[in-house]
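Side chains are part of it too, since the values below use all heavy atoms of this structure and drop only hydrogens, waters and symmetry mates. The model shown is predicted, which means the values in this text are computed figures rather than measured ones. Counting from 1, the numbers follow the sequence of the chain as shown.
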Amino acid sequence: MAHPEAEHKDRKATFLSLVAACDSFPSGPVGDRYYQLYLPGDDQPHGYMLPEIVARMPFTSAFEVRHEIPHRVSVLDHTNGDNTPGAVNVAFQDLIDTCIEQKTFRALAGMHSEPFAIPSARYERPVQVERFAAQLFGITHRGAHLVAYTFRNSEMYVWIPRRAAHLFTYPGMLDTTVAGGVKAGASPLRTIIEEAHEEASLPEDLVRRLARCRGTITHMSISGEESPAEKGLVCPDYTFVYDMELPSDVEPRPHDDEVAGFTAMTVQELKAAMLREEFKDDSAVVLVDFLIRHGFITPENEPDFVEITMRLHRRLPFRP
C-alpha cells in the first residue's frame, strides 16, 4: 500500500488544486473548534484562534479568555470608551512585544513586522496588529498583487520574479510581478506603487498611468507543514488584483534584495511553472484569476472552471 505522502507527491497539480491550496478552510459553522476573537463594543468576531495558540499566549489583563462554549477571546477597553482604538492597539502591541521577547511563536520569526489594520474593525480610527502576529489571531489579511505583461510579435509575455533565497517565507519560489501586504494607513494602489519601486524598479508615474485594478479575490486557508509558522493557523485573505501592460522597451529590474531576478514567460511557460507548483501559493491563485480574465483558462479547456471561479471569490466569515 502506497504511503499517503508519496501519493500526494505523485498527484499531478491542477489549476483547481492550486486554488484549493489557498482555500483549504472547511465551509460551514466552526462550532467549538476555535476561540473567536472579539473587540470592545462589537458583537461580530474578528478572527479564529487555535486552542493550542490560546493556551500558549501570554495574555495580559487587557484580554479576557472564556474557555466555556462558545470559546472566545475578548480585547478589553480600559479607557471605558474614551479611546477604544488606542486601547485595542496598546493591548495587541504589549502582547506581541511579550511574545517576541519570550520567543513564544515561530510565526513571529523573533522580530517585529509592519502594522496591518484589522479590516473588520469599525471605530473612528483604525486598529492594527503586526503582520506576522495577525495569523495567530486568525485576523483577515489584505494584500495587493500586480501582474505586468507585454506583447512581442502579438504573443503575451508575463513578467515573473524569483524570490530571494534568504526570505522568511517561500524562499526561491516564483511570484507575481509585484506584491505586498496592505499596511495600516495605506491604500491598495499606494501599496502597488511602493512595491513596484522597491521590488521591480518601476517608477510611480508609470504605475499610476498603466496599472488597472481588476477587482478582488478571496480565500481562507489553514497553515500547513510547509509554513514556517505554527501548523493549523486560520488565514482569511482578500487580495486586490492589478494588471499592467508594459511597453516592450520597459523591463522590471530588482531594486532591493527581495527579488533574485525577473523572467518574461510566455503563457504556456507560465502555466507549466504553475502546474509544477513553482509559485508561492497565493501568487498562483492570483495568476489563475489573471489567466481566466485574459481568456487563457476557459470553460472549454478547464473541466473545473465553475468551481475554480466560485472559490476565487469565497465569502469570508468576517466583515471586509
Side-chain angles (χ1 to χ4, degrees), residues 22-81 84-96 98-99 104-108 113 115-123 125-143 181-182 184 218-224 227 229-239 311 313-320:
C22 268
D23 193 41
S24 55
F25 191 85
S27 300
V30 298
D32 60 356
R33 287 177 292 159
Y34 298 96
Y35 283 71
Q36 299 189 48
L37 175 69
Y38 285 86
L39 300 182
D42 192 341
D43 62 359
Q44 296 295 309
H46 298 265
Y48 293 153
M49 298 182 67
L50 279 174
E52 306 93 283
I53 299 298
V54 172
R56 293 169 55 194
M57 188 72 72
F59 287 112
T60 67
S61 61
F63 292 83
E64 181 179 76
V65 180
R66 172 177 169 162
H67 297 292
E68 298 81 15
I69 297 174
H71 307 310
R72 61 189 293 162
V73 172
S74 301
V75 185
L76 304 179
D77 179 8
H78 289 317
T79 72
N80 296 317
T84 302
V88 172
N89 289 337
V90 169
F92 276 119
Q93 196 58 58
D94 287 348
L95 182 56
I96 294 166
T98 300
C99 289
T104 312
F105 300 108
R106 293 198 310 274
L108 300 178
S113 50
F116 273 28
I118 301 175
S120 51
R122 295 292 185 268
Y123 298 118
R125 299 195 315 279
V127 294
Q128 60 195 40
V129 62
E130 289 189 17
R131 178 182 184 180
F132 290 169
Q135 58 193 321
L136 295 172
F137 298 96
I139 292 170
T140 301
H141 172 268
R142 297 188 305 157
V182 180
T218 56
H219 44 79
M220 191 164 176
S221 62
I222 299 173
S223 61
S227 171
E230 282 70 17
K231 182 181 177 182
L233 300 179
V234 180
C235 307
D237 186 283
Y238 61 87
T239 303
R311 294 184 71 166
H313 301 95
R314 174 178 184 153
R315 185 174 183 85
L316 301 179
F318 313 118
R319 287 188 302 241

Enquirer: Using a 4.5 Å cut-off on heavy atoms from C-beta on, say whether the side chain of Gln128 contacts that of Asn89.
Expert: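 They are in side-chain contact.
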
Enquirer: Do Phe25 and His219 have ring centroids that are under 6.0 Å from one another?
Expert: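 Ring centres of Phe25 and His219 not closer than 6.0 Å.
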
Enquirer: Closest heavy-atom contact between Thr84 and Pro40?
Expert: CG2-CB, 3.9 Å

Enquirer: List for me each residue that meets ring pair (Phe, Tyr, Trp, His ring centres under 6.0 Å) alongside Phe137, sequence neighbours excluded, and say none if there are none.
Expert: Phe92

Enquirer: Is a donor on one side and an acceptor on the other found under 3.5 Å between the side chain of Thr79 and the backbone of Ala87?
Expert: no

Enquirer: Contact between Tyr34 and His71 at the side-chain level, heavy atoms closer than 4.5 Å - yes or no?
Expert: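 Answer no - side chains too far apart.
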
Enquirer: Look up atom CD in Glu52 and atom CZ in Phe105, then write down how far apart they are to the nearest 0.5 Å.
Expert: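 If I round to the nearest 0.5 Å, the distance is 10.5 Å.
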
Enquirer: Taking atom CG of Asp237 and atom CG of Asp23, what is their separation to the nearest 0.5 Å?
Expert: 10.5 Å

Enquirer: Does any part of the side chain of Phe59, heavy atoms only, come nearer than 4.5 Å to the side chain of Val54, both counted from C-beta?
Expert: yes

Enquirer: Hey, is the main chain of Ala91 close enough, under 3.5 Å, to the side chain of His78 for a donor-acceptor pair?
Expert: no

Enquirer: Spell out, as yes or no, whether a donor-acceptor pair under 3.5 Å connects the side chain of Ser223 to the backbone of Glu230.
Expert: yes

Enquirer: Find the distance between OG (Ser24) and CE (Met220) and round it off to the nearest 0.5 Å.
Expert: 9.5 Å

Enquirer: Tell me if a side-chain donor or acceptor on Arg72 pairs with a main-chain N or O of Tyr38 at a distance below 3.5 Å.
Expert: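 No, the answer is negative, given that no donor and acceptor are paired below the 3.5 Å cut-off.
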
Enquirer: Does Thr60 reach the main-chain N or O of Leu95 with its side chain, forming a donor-acceptor pair under 3.5 Å?
Expert: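 Checked: no pair found.
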
Enquirer: Side chains of Met49 and Met57: does their closest heavy-atom pair fall under 4.5 Å?
Expert: yes

Enquirer: With the side chain counted from C-beta on, respond yes when Arg106 and Ser227 share a heavy-atom pair under 4.5 Å apart, and no when they do not.
Expert: no

Enquirer: For the residue pair His46 and Val127, establish whether any side-chain heavy-atom pair is separated by less than 4.5 Å.
Expert: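 Not touching, per the 4.5 Å side-chain cut-off.
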
Enquirer: Tell me the closest heavy-atom pair linking Pro236 and Ile139, and the distance in Å.
Expert: CD-O, 3.9 Å

Enquirer: Would you indicate whether the side-chain heavy atoms of Tyr35 and His67 approach each other to under 4.5 Å?
Expert: yes

Enquirer: Taking the side chain from Thr218 and the backbone from Arg314, do they hold a donor-acceptor pair closer than 3.5 Å?
Expert: yes

Enquirer: Does any non-hydrogen side-chain atom of Gln93 lie less than 4.5 Å from one of Glu130?
Expert: yes

